[in-house]
Amino acid sequence: MSFASIQQTAKEEWRQFEQYDRRRVLVGSATCGRAAGSQEVLRAFKKELITNNLLNQTDLYEVGCMGLCYAEVLVELRGTDGQRVLYQGVTPKDVSHLVESHLINNQIHKPLALAVVTSEFNGELPEFSELPFSKPQVRIVLRNCGIIDPTNVNHYIARGGYNGLARAVTLTQDQVIEEIKESGLRGRGGAGFPTGIKWAFARNVADEKKYVICNADEGDPGAFMDRSVLEGDPHAVLEGLVIAGYAIGANTGYVYCRAEYPLAVNRLTGAIAQMHEHGLLGQNIMGSGFSFEIHIKKGAGAFVCGEETSLMQSIEGKRAMPKPKPPFPAVSGLFGKPTNINNVETLAAVSAIMERGAAWYAGYGTEKSRGTKTFALAGKINRTGLIEVPLGTSLRTIIEEIGGGVPEGKKLKAVQTGGPSGGCIPDSFIESPVDYEHLAEVGSIMGSGGMIVIDEESCMVDMARYFLTFTENESCGKCAPCRMGTQHLLKILTDITEGRGEPSDLEKLRQIGATMRNGSLCGLGQTAANPVLTTLKYYEEEYLAHITDKKCPAGVCRDLIDFTIDVDQCTGCGACVLACPVNAIHGARKESHYIDKQMCIRCGSCRQACKFEAVLVI
Amino acid sequence: MSEILPMSLLPSLLAAYDRERENLIPLLQKMQESFHCLSPETVKAVADHLHLSENDVYGVATFYSQIRFIPPGRHHIRVCDGTACHVRGSDRILEAVEKSTGVQPGQTSEDGSFSVERVACFGSCALAPVMVVDDKVFGRMTGTATRKLIEGKE
Ligand SMILES: Cc1cc2nc3c(=O)[nH]c(=O)nc-3n(C[C@H](O)[C@H](O)[C@H](O)COP(=O)(O)O)c2cc1C
């Protein structure tokens, strides 16, 4: 079957999916939705539709991540009048109301309604694209997430999918590379290296056998962009991988995916089978003479596997330890052959660029940082979510408009970007545009896209210690600066947070950090000190408070704080007594309580349980 | 988790894999899925199948944190310590788990009822702090809720 006739069938299927007056239920069922209970909601819909004899007049689909993680479980309903409404926080017990009002009576069920999706029906509800959460966003990488059925290749094709590949195979390899260069796309895996230039390196090495790899290891804690794309739109990534293969002259591709992402592996496996059925993989793709195969490799739990040379060692069945560069993977990579490796998001952008052109993509973003970037927005923020904005969008727009600011009226303290390789950006830089240059200027990095909002209740020394606990644990041990540097940094930070810090420690932290940056073999060690160095740069007084006053101003480090109960505020309700894991709180009912300091382990459970703010940190 | 398979199936499980080093990690994963953890017997079988030394296989198996040599408990508890969970108090959750089960991360209780694991990130950051018990996700946890949950499993 020719691609044109495949497109024809796909469009027809999409037309039915979008058919105006047919009832439809879309349930957001990526990993985050599932964690919030989407499968139970889905079952409840099925049951309710059967009860009402509507099952065969209703389309029921699971879609990928809609981005509004804070509002899961998300359900989009369309009644017979064509009105599409997004409902938030849906639980199984809401389902009968939703079916009755929206699907049977064409009435919006107001208590859970978040927005209308179709523009013709505004009025009482805001339009989805006009919500503060949505308005500043431009979805290129996430173009299909939450909109299509990710298990159906026809949905992807109907929305322009594989047009990019169809176009690429009519161009020469160099023309494809030129197009990617012109788009200004830079690698989204962390380092931001221009993708077109990287492809040209691998293209220019002559060899019979070459490889392309999709890096889907996504190991940074607090990052889930890649997973969401793989779960919500796997073909966007796979199409990008085939295009990369064509451009550099490789016939084999690998997707290296974290084993912690079983749903993503599932979606990829299904998508690859569909590509074969439609002649989008295998021999002579689209009659171009180009042949390509894709294999999936599951990781086994090691952060360093995200580093490109380690990842290749892991595919080869070895301990995932990095190798010195040069030789670069473009010359000698997987199995010693020329190899190009790109991140999931990079490849999902590639397929869009080849479909719509370099100029279109380069129209977004800034001079040196073109296009859009996805972020996983989390931590102390009202609207946790998966977002995509043009590069150069200000931190303020992201935190305050899209994210809705810090909850409970607390004050923003810092934003952590780049995970364990990145740094903390203080609130004073809130007007900074988010692009590669500006983030580097303030001492952090773009990284892969985790963005954790930190409020005044977090201690920056504790944050640094947290990241070093991670990197110390994940250091592979091959080179001494990283192996020993992370151990020493962690020991010093632990001493400081436990009250054994000395003034000379700060200089030691800086020196060790500099040595690791200069001397480590791979990016893990080279950047591991960043969380320490940036917090030291902006929050030195907080370190000093721990060291000289033996106090933790944020009230986090247990050895430096005490809890006490404010007798005036305490109502004697006993909530803290129940919450205390060590029975350290005493007092008669309805009378003010007290904490036995000897028994108290300073876990803070009482403070969290108290509704009257009667538990104080001193 | 699926049932533990009988050891007699070992040869047929191996036979599905070509004798290439590239298959080492997939094979270790298959062994773990089938027998719930690795043992000297399975390591030797994998080494023989791929013509590798047992040392080599142990070297790879111990490098990756997912590969286990101790069987998990009847209830497997994973506590997320991602950044979002950390700023929302995941250490209190882990502490409550350790206290209620008497098990440290990476270990299994003597009676085999619980095993505890600390993981770097589940990516369910909107629900932080998160724990996963037997593959069911529990979000927005507190110390008290954690203790109740575990008492209910005993
Ligand atoms: C310790 C470490 C972990 C990394 N983890 C990832 C990862 O999880 N995903 C990723 O795409 N790149 C990761 N990288 C970057 C890769 O080495 C590589 O630069 C990237 O995959 C290249 O793709 P890009 O050019 O499309 O960004 C990591 C690097 C280091 C040093």
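Naming: A, B, ... by sequence-line order, numbering from 1 per chain. Since we're looking at a predicted model, the values are computed, not measured.
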Identify which part of [X] has an atom lying under 4.5 Å from any heavy atom of chain A, answering side chain, backbone, both or neither.
X	value
B:A96	neither
B:F138	neither
B:S100	neither
B:R147	side chain

Given 3.5 Å as the limit, does a donor-acceptor pair link the side chain of [X] with the main chain of [Y], or not?
X	Y	value
B:S65	A:A302	no
A:K297	B:E22	yes
A:R319	B:T62	no
B:Q29	A:G299	yes
B:R88	A:K380	no
A:Y466	B:D81	yes

For the residue pair [X] and [Y], what are the closest heavy atoms and their distance?
X	Y	answer
B:T83	A:M463	CG2-CE, 3.9 Å
A:A35	B:L127	CB-CD1, 3.6 Å
B:Q66	A:A259	OE1-CB, 3.2 Å
B:T144	A:L578	CG2-O, 4.2 Å
B:Y64	A:C305	CE2-SG, 3.7 Å
B:A84	A:A378	CB-CB, 3.9 Å

Most heavy-atom pairs under 4.5 angstrom with chain B, which of [options]?
options	result
A:C603, A:A579, A:A320, A:A609	A:A320
A:E218, A:R383, A:R227, A:E72	A:R227
A:G301, A:A300, A:P221, A:G317	A:A300
A:C69, A:P581, A:C32	A:P581

Subject >> Residue pair B:S124, A:F224: steps toward the side-chain contact (heavy atoms from CB on, under 4.5 Å) verdict >> reply: CA-CA 8 Å; B:S124 298; A:F224 50 89; over 6 Å; no
Please state whether the side chain, the backbone, both or neither of [X] comes within less than 4.5 Å of a heavy atom of chain B.
X	result
A:S458	side chain
A:F470	side chain
A:F303	neither
A:I381	backbone
A:Q608	side chain
A:N473	neither
A:S314	both
A:Y261	neither
A:A71	neither
A:R258	side chain
A:V556	neither

**OP:** Could you walk me through whether B:H86 and A:D462 pass side-chain contact (heavy atoms from CB on, under 4.5 Å), step by step?
**Re:** CA-CA 10 Å; B:H86 182 78; A:D462 174 71; 2.8 Å; yes
**OP:** Walk me through it: do A:V582 and B:K99 pass the test side-chain contact (heavy atoms from CB on, under 4.5 Å)?
**Re:** CA-CA 10 Å; A:V582 292; B:K99 276 229 156 62; 4.2 Å; yes
Original post:
B:C85, B:G59, B:A128, B:P26: which one forms the most heavy-atom pairs within less than 4.5 Å of chain A?
Top reply: B:G59
Evaluate whether atom [atom1] of [X] has more than 12 neighbouring non-hydrogen atoms of other residues, nucleotides or ligands under 6.0 angstrom away.
X	atom1	value
B:E54	CD	yes
A:K298	NZ	no
B:K30	NZ	no
B:K153	NZ	yes

Original post:
Run the salt bridge (charged side-chain N to carboxylate O under 4.0 Å, His left out) check on B:E95 and A:R558 step by step: do they pass?
Top reply: CA-CA 13 Å; B:E95 199 170 76; A:R558 291 184 185 191; 2.6 Å; yes
Original post:
How many angstroms lie between OG in A:S310 and CZ in B:F63, if you round to the nearest 0.5 Å?
Top reply: 7.0 Å
